[in-house]
Protein chains: 2
Amino acid sequence: MEYEDEDWLCVTMEEFSLATENGCSRQGMGKKRNYDDDTREFKSKNLETERRRREKLSSRLLMLRAIVPIITNMNKATIIDDAITYIEKLQDKVQSLSQELHQMEATSDETADTKIDDIDSAEDMKNLGIQEEVSVAQIDGNKLWIKIIIEKRRGRFSKLMEALDNFGIELIDTNLTTTKGAFLITSCIQDKDGERLEIQQTKHLLQDIINDK
Amino acid sequence: MEYEDEDWLCVTMEEFSLATENGCSRQGMGKKRNYDDDTREFKSKNLETERRRREKLSSRLLMLRAIVPIITNMNKATIIDDAITYIEKLQDKVQSLSQELHQMEATSDETADTKIDDIDSAEDMKNLGIQEEVSVAQIDGNKLWIKIIIEKRRGRFSKLMEALDNFGIELIDTNLTTTKGAFLITSCIQDKDGERLEIQQTKHLLQDIINDK
DNA sequence: GTTTACACGTGAGCC
DNA sequence: TGGCTCACGTGTAAA
């Protein structure tokens, strides 16, 4: 790594880059190197490969910068920095959102301790000979009378009311009676938009609501 | 890749880096260059700065790789690639979650067209001289009888039922009657956990539920 | 032996 | 001017 003549460094790097970039006139053919036959310039084997790699990486950085909304600086490092903070922000948001959603779903759901109530209710119903039942009858053109007997489970009634509301069913007159093991629900209902409610359809809807939710 | 006279290129770059790295003894002092006075090596002005910049960027890339869960390759480019896809995935997730949450909130909320109903209901109530009312009375140790008269608004009853359920209040016997402009709700309630329900507290709770939600 | 990815030191350009 | 970032071509080591 040493050699005596002076100033070797001052020329080499500058001249080298100039030579390769501008196609300098000196074209001596070295033995150990590859040279382009047309321009007679020296070319490293992986020059274009490296060039592609660089521009690939740069383009990815630009893409990354494109989808990250918060911009502090256009530096390469800060681009990644912003991306990191953005990802962390997104992760937090996803976590809080899913947590909120889960909470919201859990609020009207049965919890573990209520399953004991469910079992008790089922046993009570069984012991008392109460059968689950869904009846639907027509009152007039757009009004139905429904009667539902189901196991008494925590939140089941409010969930049923909510489901009926979501399906556009309006409660004209509703009665809920609770025995130890069962709900007895009777109600006069009609469609909120004035459309006709079919008996069989409504009965199946009610059964679906009860069984599903 | 050829040059006639000297092999200047073959030596320069290689020797250069080796010289600078290993501290070669050759110390020809150039005029235009900065040299370390001790080792007599050539040093570019921004050598260490650039070195710091590089290691900074590399560390950021490592941090980025650290928080991105999906790993396809350890390449610098693919790290950014994975980060991009991960960010897109996170964005999609956030969007779908917030949409779902918004939908869930909207299902039991009043929509724009129902406000007309609300106004009509309010006018009907006003015309009929119906006053909103919340009454609470004690039945026995842990049972209360409540009576609520409120404007008839879409989803208000089911929301009330849900709120009571969330507050651990069990509906023993409930009756809902709908006139054109108002809900009349009467119910016998008790605490689900057997705790005592205070009259004033319950009344305020009901008023809060009605006014808030 | 070939390919691939990376770190290196440098010059240019831009505040 | 100096500080700082970037692209460049290269050597090198691992696959």
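Chain naming here is simple, since letters A, B, ... match the order of the sequence lines and numbering starts at 1 in each.
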Could you pull out all residues at least two apart from A/Glu55 that satisfy salt bridge (Lys or Arg N to Asp or Glu O under 4.0 Å)? none
Counting side-chain heavy atoms from CB outward, which of C/dA7, C/dT10, D/dG9 is closest to A/Leu47? D/dG9
Round to the nearest Å and state the distance from A/Lys76 atom NZ to C/dG13 atom C1'. 15 Å
Between C/dA7 (C1') and B/Glu48 (CD): distance, integer Å: 16 Å
Pairs satisfying salt bridge (Lys or Arg N to Asp or Glu O under 4.0 Å), at least one member in residues 76-91 of chain A, at least two apart: A/Arg65-A/Asp82, A/Asp81-B/Arg60
Measure from the side-chain N and O atoms of B/Thr174 to the backbone N and O of B/Ile185, and report whether any donor-acceptor pair falls under 3.5 Å. no
Where B/Gln91 and A/Ile67 come nearest, the two heavy atoms and their spacing: NE2-O, 3.4 Å
Output the rounded distance in Å from CG (A/Asn75) to C1' (D/dA7). 15 Å
What is the distance, to the nearest angstrom, from the CE atom on A/Met74 to the C1' atom on C/dG13? 16 Å
Can you sort out which residues in residues 49-60 of chain B have a heavy atom within less than 4.0 Å of DNA chain D? Ascending by number, please. B/Glu50, B/Arg53
To the nearest 0.5 Å, tell me how far A/Ile79 CD1 sits from A/Tyr86 OH. 15.0 Å
Whole-Å distance separating the CZ atom of B/Arg65 from the P atom of C/dC6: 12 Å
Just the rounded figure in Å: distance from P of C/dA5 to CD1 of B/Ile79. 12 Å
More than 12 non-hydrogen atoms from neighbouring residues, nucleotides or ligands closer than 6.0 Å to CD on B/Gln95, yes or no? no
